[in-house]
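This is a predicted model, so every value here is computed, not measured.
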Amino acid sequence: MTTPPTAGSAPKREPYVVSEAEAGQKLLQFLTRRLAGSVPGSALLRAIRTGQVRVDGGRKQPFFRLAVGQQVRVPPFDLSSAPSSALLSSIAPGGAPPAPELLPLSIVYEDEGLVAVAKPAGLCAHAGTRHKDSVADRLKALYAGAPFLPVLAHRLDKDTSGILLAAKSYVELRRLGDLFARTGSGGSVSKSYLAWVDGAWPGQGAELLEDRLDRLELAENEVAGRKKIVRGAKNETGEDAGKLAQAEVTPLIRKRQATLMLVRLLTGRTHQIRVQLSLRGHPVISDSVYGRKVRGVPMLLHALRLDLPERSLFLPPPWTGPFAVTEKVLAPLRPD
């Protein structure tokens, strides 16, 4: 049985100085990121509450918010019996453990506060038990040693390609989180997607799709993740249960067996686009959960455009062959 790291049996360490990118974080959150998982959260929490962690020489609560320039001194944890192989003494203030092999990640846009990446279809936003590689892990490797490692501000499904944003400071992370929580409302984020769907879409112009969606738990062999989104059932009063999902859709190219759709999200529900299109008999092409998988074809759903209050980001889809989208189609969709 392994024992948690203890304080007091290793050389004294220099304090961490809170950078501008890290300001605003809670003390426990700050140390968790700085120590890169070398010390269990329970041990950190105990050290803070017993006064072994000091901020500018004083005791603070775990949820105390830090300001730029404050000095955080941590006890000399002994990690010799900790399950992690990384030693705390090898992590310098402001540093990080040695970076893993750097895997490719295309940058669409970057400034002091955020970075926008081109997520390819098939790559998870976050790693899990079934998938070890992810956008989040590649960002950590790309920005190894930064005072605040970029944190994804939203997510895309594994098989969806397109623009994905990450915050490079804690202040920006909170700002983006608030904007994405209000997707579609005034002064927030506007997200537009392209999707090739099965069959000829019957409508001609823009139309509003509105549904109540609920989560259905499935057997492990039915769908990866054991979750599927369905139309909400009626509740006891006869009203539709589930969360409101709204999207505006417009057909751009109509073929006999497929239609290219522009989709603007007005709400941000799990699998929303895929579910709402499937409910109308036109699932996204090669969607193995809500439609049918087409051999050799990735799921044809792409996060095309993301409008923030201060700027707009645009990324054409990588599709080729019969599903390629020409500049003639894309030009009217580009930001002014």
For [X] and [Y], which heavy atoms make the closest approach, and how far apart are they?
X: Leu173; Y: Ala153; result: CD1-CA, 4.4 Å
X: Phe148; Y: Ala167; result: CE2-O, 3.8 Å
X: Pro317; Y: Leu304; result: CD-CD1, 4.1 Å
X: Gly24; Y: Tyr170; result: O-CE2, 2.9 Å
X: Leu156; Y: Ser161; result: CD1-O, 4.1 Å
X: Val151; Y: Arg33; result: CG2-NH2, 3.9 Å

Between [X] (side chain only) and [Y] (backbone N and O only), is there a donor and an acceptor less than 3.5 Å apart?
X: Lys119; Y: Asp157; result: yes
X: Arg311; Y: Leu308; result: no
X: Arg138; Y: Pro104; result: yes
X: Lys168; Y: Ala21; result: no

If I take atom [atom1] from residue [X] and atom [atom2] from residue [Y], how far apart are they, to the nearest 0.5 angstrom?
X: Asp307; Y: Leu179; atom1: CG; atom2: CG; answer: 12.0 Å
X: Ile285; Y: Arg292; atom1: CD1; atom2: CZ; answer: 8.0 Å
X: Leu315; Y: Ile163; atom1: CG; atom2: CD1; answer: 5.0 Å

(message) Less than 3.5 Å apart, any donor N or O on the side chain of Glu172 or Ser169 sitting next to an acceptor on the other?
(response)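 Result is no, nothing qualifies.
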(message) One thing to verify: whether Arg174 and Asp178 come together as a salt bridge, which I'm taking to mean a side-chain N less than 4.0 angstrom from a carboxylate O.
(response)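 Salt bridge flag = no for Arg174 with Asp178.
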(request) For the pair Arg175 and Glu310, find out whether any cationic side-chain nitrogen is under 4.0 Å from an anionic carboxylate oxygen. (result)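 Judged by the 4.0 Å cut-off on N to carboxylate O distance, Arg175 and Glu310 do form a salt bridge.
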(request) Could you check whether the rings of His282 and Trp201 sit parallel, tilted or perpendicular, using 30° and 60° as the cut-offs? (result)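 Ring orientation of His282 relative to Trp201: tilted.
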(message) Contact between Val74 and Leu31 at the side-chain level, heavy atoms closer than 4.5 Å - yes or no?
(response)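 Result yes, sub-4.5 Å side-chain heavy-atom pair found.
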